[in-house]
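Below: the structure, in structure tokens.
Please read all numbers here as calculations on a predicted model, not as lab measurements. Quick note on labels: first sequence line is chain A, next is B, and so on, each numbered from 1.
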2 protein chains.
Amino acid sequence: MAKRKEAPKTERGQQTRQAIFDTAIDLFAKRGYDKVTVDDICAKVGVTKGAFYNYFRSKDQIILEEFMRMDEHYVRFAEEISSLPTSLEKFKVFTRAAITLMSETGVRLMKVLYHSQIAPHMSRPYLANERRYLYRITNEIIREGQERGEIREDVPSEEMASMLIDCFRGQIYHWCLANGSFDLVETCDRLMDLLLDSLKPR
Amino acid sequence: MAKRKEAPKTERGQQTRQAIFDTAIDLFAKRGYDKVTVDDICAKVGVTKGAFYNYFRSKDQIILEEFMRMDEHYVRFAEEISSLPTSLEKFKVFTRAAITLMSETGVRLMKVLYHSQIAPHMSRPYLANERRYLYRITNEIIREGQERGEIREDVPSEEMASMLIDCFRGQIYHWCLANGSFDLVETCDRLMDLLLDSLKPR
DNA sequence: TGGTTTAACATACCCTGGTATGATACTATG
DNA sequence: CATAGTATCATACCAGGGTATGTTAAACCA
């Protein structure tokens, strides 16, 4: 599922791959993604492009992999909300945690991600992969809410989840466009207030 | 405001610029944006890169300019909805017209736009320019609705407009990610049903 | 009319992400 | 032990967007 180009098969390969990854993330954080060339990364690690492209299919993929790790957090969030009384509250708290995570990740990294995911050659963008925990958990919250009669049932849960995620994603996209010049969490809180109303049964 | 690199100052310049623009749009439509090089465009026009970059600051800007023309349509839409009875209906019809326009523009072009607008070096993205007609008109509809008591007043109209636009933008982003594999207008119609509820006064 | 400016291009080049291919060294197998 | 296979990397190269620097020719003055 992770779609890594190819996992290293030797101990040495593991280390090289890891060194490339760590160095890249470090340099990106310091200078910004577009100010770091693949050659820069390789030079600092002490290898050449041959090594880089043996383990990563593109420069973008470094960012994508860093982002995919974030998905792991969602599972933790899902556990933490299990005790909340209503589905609406679960949705609210879970989403807020996710947005906070984005915010902490920083606009620079998020911007690179949102940029690369919509690139012309990108075939199966990770962001839209409905098997991600983000989708599965959101869908489950909605579905449960519908079952309990706390959420309107005229829209299938999958579709509802997708629409809601897209709404917040629009805010994130805007946040990236604006280079993080407004508080993402705060804005999404207000959006949440709007959306929660529309979820209640007719 | 248009931020064109530099407008031609002679008749000949006008024609060259126009020829480059028309040829580029034509080639993009036929082969797709990323399958057309700047040299391709220049070759067909019969000039060199020197001419191209004298009139356009980047390859992306061709797309952006095509898109900026679409903004003109919004003014027409705004006139057409002026006779509708309620603000909610105005918002609904106006937004639907805008989305339909995107849909007709095609996912290929929209994808290039959404991709280039979020590029690392992009400083003042046109999409987020709040002086665009899209923002001004939407804001005016909301403001009027609040004045009439048809729309909740606990959120300032500018902020409300921005949030709503972002919601639909999230759908468009998703649509681009999915390479247009679902019906954008239809999906946005369903989203509209959700959002309208949440706009009503508390 | 001669000199000066400047718009409109042409030429040559750089930068950088990505690829194609080859060399090396380690491992498994007969 | 010889051979084949394979993972890891190095070298050389390409493509394509973008830039820096001329060169030409028309317009504009004095």
Tell me whether B:Lys59 forms a cation-pi arrangement with B:Tyr33, defined as NZ or CZ under 6.0 Å from the six-membered ring centre and within 45 degrees of its axis.
yes

[N] OP1/OP2 closer than 4.0 Å to side-chain N/O of [X]:
| X | N | value |
| --- | --- | --- |
| A:Thr10 | D:dT8 | yes |
| B:Tyr53 | D:dT19 | no |
| A:Tyr55 | D:dT8 | yes |
| A:Thr16 | D:dT8 | no |

Assign [X] to base, sugar-phosphate, or nothing according to its heavy-atom contacts below 4.0 angstrom with the strands shown.
| X | value |
| --- | --- |
| A:Val45 | nothing |
| B:Gly13 | sugar-phosphate |
| A:Thr48 | base |

Ion pair present between A:Arg143 and A:Glu140, side-chain N to carboxylate O less than 4.0 angstrom?
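Salt bridge between A:Arg143 and A:Glu140, a charged N being under 4.0 Å from a carboxylate O: yes.
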
- Task: Answer yes or no: is there an ion pair linking A:Asp40 with A:Lys44, defined by an N-O contact shorter than 4.0 Å?
- Result: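 So A:Asp40 does not pair with A:Lys44 through a salt bridge.
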
* Asked: Hey, what's the ring geometry for A:Tyr173 with B:Tyr114, parallel, tilted or perpendicular (30° and 60° as the breaks)?
  -> parallel

Between [N] ([atom2]) and [X] ([atom1]): distance, integer Å:
| X | N | atom1 | atom2 | result |
| --- | --- | --- | --- | --- |
| A:Ile41 | C:dG18 | CD1 | P | 11 Å |
| A:Gln14 | D:dA7 | CD | C1' | 13 Å |
| A:Lys9 | C:dA28 | NZ | C1' | 15 Å |
| B:Glu11 | C:dA7 | CD | P | 16 Å |
| A:Asn54 | C:dA23 | CG | C1' | 14 Å |
| B:Arg17 | C:dA8 | CZ | P | 11 Å |
| A:Met122 | C:dG18 | CE | P | 10 Å |
| B:His115 | D:dG17 | NE2 | P | 12 Å |

### Query
Side chain of B:Asn179, backbone of B:Ser181: donor and acceptor closer than 3.5 Å?
no

(message) Taking B:Lys200's backbone N and O only, do any of them form a donor-acceptor pair with B:Glu150's side chain (distance below 3.5 Å, no angle check)?
(response) no

| message | Would you say OH of B:Tyr133 has more than 12 non-hydrogen atoms from neighbouring residues, nucleotides or ligands within 6.0 angstrom? | response |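 At most 12 heavy atoms, drawn from other residues, nucleotides or ligands, come within 6.0 Å of this atom.
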
Per-nt protein contacts along nucleotides 23-28 of chain D (heavy atom under 4.0 Å; B base, S backbone sugar-phosphate only, - none) come out as ------

With a 3.5 Å cut-off and just heavy-atom distances, do the side chain of A:Lys49 and the base of C:dG18 make a donor-acceptor pair?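 In this structure, the two groups form a donor-acceptor pair.
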
